[in-house]
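Have a look at this one before I ask anything.
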Amino acid sequence: MTADVRDILDIERPMTPEISRESFLVTKKRNFERTKGPSKRPEGMHREVFALLYNDNKDAPPLLPTDTALGIGSGYKQVKARLGMKKVRKWEWAPFTNLARTDGAVFHHWRRLSDEPKEYPFAKFNKHLQIPEYTLAEYNAHLQTNPQKWTKEQTDHLFDLAKRFDLRFIIMADRWDRTQYGIKTVEDLKERYYEIIGLLSKSKAGTAGNDKKSFVFDIEHERRRKEQLKKLFERTSQQVKEEQNLLNELRKIEARKKERERKTQDLQKLISQADQQGDAAANAQSARKYEKKLHKKKLHHQPRPSKVDSVVNAIEIGGSGIKFADLRGSGVSLRSQKMKLPANIGQRKVKALEQAIQEFKVDPSPPPTEEICNSFNDLRSDMVLLCELRTALSTCVYELESLKHQYEAACPGKSLNIPASLTQSSQFKAEPTESNAASSSTV
């Protein structure tokens, strides 16, 4: 603040040294070391009064209120860096030329003395189209048309305007010399230009670089398009409202049409479903009658079902052993969960499995390593299959005994000898089950 006051009062002040990167970092480090130990506020003095009188940098309070707090960097706004008193770089009012211009016009702009004169940077944006040219022989051979519509002088004037204004046909039509060459519209200029371009490309079709397809300008389509745009632009507010009402009515008609189509489809579906249900009922009734006839015929010839077949079918349907679930879900899971029995196993199988584990003296809860888990599951699956096979074997033995008694009752005085290999196994004896005991009591 004192430096500002000296500048205002035009009082000489000592030259401030130029600030470099090293000196700035050193000064910043010193200020940081000074602010390490903040001064303590005297007892009995309010914080606001102490902040006005004294700060950590030990600077005098400002003469005027400022946006920043006391000290650089401690406020909510960043103070500009205090740079040294350096000499400013000199500028000059220098002339320059634009290479895109052909009239040699000279312009002036400000430029530093230290900068070398360079090419005007915006000259590169001045791009020109390549307008094809034709000779008198080419015009007489290929480009002649009805002289009442286009003469050679009019065509030359057209291509001269195309070169000057880079095919801006609106400007070309405005600059067209009507007093000398007559009145021509924008569409007429476009039609004649693209007609000549097409004829030149056809005449030079065999040369290199002229294999492109020629553009054909449809003058009637362009005129109709502009006429429609003019009508659209000149519509009144009443016509716009009427068109909007017509569009709204069209949307309503289309919505009602879709609704009728949907209802028709639903009705056709209901009719087809009713027909299918009637056919299915008739087919089912005829099938039931046919099944009743077959059932009556089978009752006379069908033998009594064997319990062995039912047990074997149950084993085949249930599968061999236990199918353990494969834990492949997301998240964390314990390997011991693989050894848990599935929920679809009945209590009889669980009890039979526990008895088999005790019989073979197997640890019911082994360490759940991956190899032990797989082996333990396979072992229990085989045990369940073994129990089912035992049940099937005991049922077979019981069936043999009952058939022997039936044979002896039907043929008095005769006996049926059953081999011992069919009634006993080399590993274990068949034990009668509850169903066998019930069946023997009935027999």
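In what follows, residues are counted from 1 in the order of the sequence shown.
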Working note: Lys190 + Glu187, criterion salt bridge (Lys or Arg N to Asp or Glu O under 4.0 Å); need CA distance, chi angles, decisive distance, verdict.
CA-CA 5 Å; Lys190 286 184 178 182; Glu187 291 80 15; over 6 Å; no

Distance alone, cut at 3.5 Å: any donor-acceptor contact between the side chains of Thr179 and Asp177?
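A pair is found: one side chain offers a donor N or O, the other an acceptor, under 3.5 Å apart.
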
Leu199 vs Ser201 side-chain heavy atoms within contact, under 4.5 Å
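No, side chains not in contact.
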
How long is the span from the NZ atom in Lys231 to the CG atom in Leu229, to the nearest 0.5 Å?
11.5 Å

Separation of Asn98 CG from Glu119 CD (nearest 0.5 Å):
9.0 Å

Could you tell me if the side chain of Glu191 sits less than 4.5 Å from the side chain of Asp218, heavy atoms only?
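Side-chain contact under 4.5 Å: no.
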
Hey, what do you get for CG (Leu246) to CD1 (Ile253), rounding to the nearest 0.5 Å?
9.5 Å

Residues two or more places apart in sequence or in another chain: which of them pass side chain to side chain contact (heavy atoms under 4.5 Å, CB included) with Asn374?
Glu370

Spacing of Leu393 atom CG and Glu388 atom CD [to the nearest 0.5 Å]
13.5 Å

Side-chain contact test, heavy atoms from C-beta onward, threshold under 4.5 Å: evaluate it for Glu222 versus Arg225 and give yes or no.
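Yes, close enough: below the 4.5 Å cut-off.
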
Could you tell me if the side chain of Tyr193 sits less than 4.5 Å from the side chain of Phe217, heavy atoms only?
no

Yes or no on side-chain hydrogen bond (donor to acceptor under 3.5 Å, both in side chains) for Tyr134 and Asp156, after CA distance, side-chain angles and deciding distance?
CA-CA 10 Å; Tyr134 54 88; Asp156 294 340; 2.4 Å; yes

Okay, side chain of Gln239, backbone of Thr236: is any donor-acceptor separation there less than 3.5 Å?
yes

If the threshold is 4.0 Å, N to carboxylate O, is there a salt bridge linking Lys257 and Glu254?
no

Polar contact flag, side-chain donor to acceptor under 3.5 angstrom, Asp188-Thr185:
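Judged by distance alone, the side chains do pair up.
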
Output the distance between atom CG (Leu161) and atom NE2 (His157), rounded to the nearest 0.5 Å.
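Leu161 CG to His157 NE2: 4.0 Å, rounded to 0.5 Å.
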
With the side chain counted from C-beta on, respond yes when Lys149 and Thr145 share a heavy-atom pair under 4.5 Å apart, and no when they do not.
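No; the side chains remain at least 4.5 Å from each other.
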
Nearest atoms (heavy-atom pairs only) where Lys127 meets Asp166:
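Closest heavy-atom pair between Lys127 and Asp166: O-OD2, 3.7 Å.
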
Whether Lys230 and Glu227 form a salt bridge (side-chain N of Lys/Arg under 4.0 Å from carboxylate O of Asp/Glu) is what I want to check.
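No, Glu227 and Lys230 are not salt-bridged.
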
If you define the side chain from C-beta out and look only at heavy atoms, does anything of Leu158 sit under 4.5 Å from Trp176?
yes

Decide, yes or no, whether a salt bridge links Glu195 with Arg192 under the criterion of side-chain N to carboxylate O below 4.0 Å.
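Counted as a salt bridge, because a side-chain N and a carboxylate O are separated by less than 4.0 Å.
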
Checking side-chain hydrogen bond (donor to acceptor under 3.5 Å, both in side chains) for the pair Ser375/Asn377: CA distance, chi angles, key distance, verdict?
CA-CA 5 Å; Ser375 301; Asn377 291 339; over 6 Å; no

Drop me the distance from Ile131's CD1 to Arg164's CZ, to the nearest 0.5 angstrom.
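Those atoms lie 13.0 Å apart.
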
Ring geometry between Tyr120 and Phe96 (parallel below 30°, tilted from 30 to 60°, perpendicular above 60°):
parallel

Is any side-chain heavy atom of Thr155 closer than 4.5 Å to a side-chain heavy atom of Leu143?
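Thr155 vs Leu143: side chains apart.
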
Would you please name every residue forming a side-chain hydrogen bond (donor to acceptor under 3.5 Å, both in side chains) with Gln144, sequence neighbours left out?
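For Gln144, the residues satisfying side-chain hydrogen bond (donor to acceptor under 3.5 Å, both in side chains) (neighbours in sequence not counted) are Asn140.
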
Look only at the side chain of Arg168 and the backbone of Phe165, and say whether a donor-acceptor pair between them is shorter than 3.5 Å.
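Checking the backbone N and O of Phe165 against the side chain of Arg168, a donor-acceptor pair under 3.5 Å is found.
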
Sequence neighbours excluded - side chain to side chain donor-acceptor pair (under 3.5 Å) pairs with any residue from residues 103-114
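As it turns out, the side chain to side chain donor-acceptor pair (under 3.5 Å) pairs with a partner in residues 103-114, which skip direct neighbours, are Glu92-Arg111, Arg101-Asp103.
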
Do Cys387 and Leu353 have side chains that approach each other closer than 4.5 Å (heavy atoms only, starting at C-beta)?
no

Minimal non-hydrogen separation, Val106 against Pro95, with atom names
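The answer is CG1-CB, 3.8 Å.
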
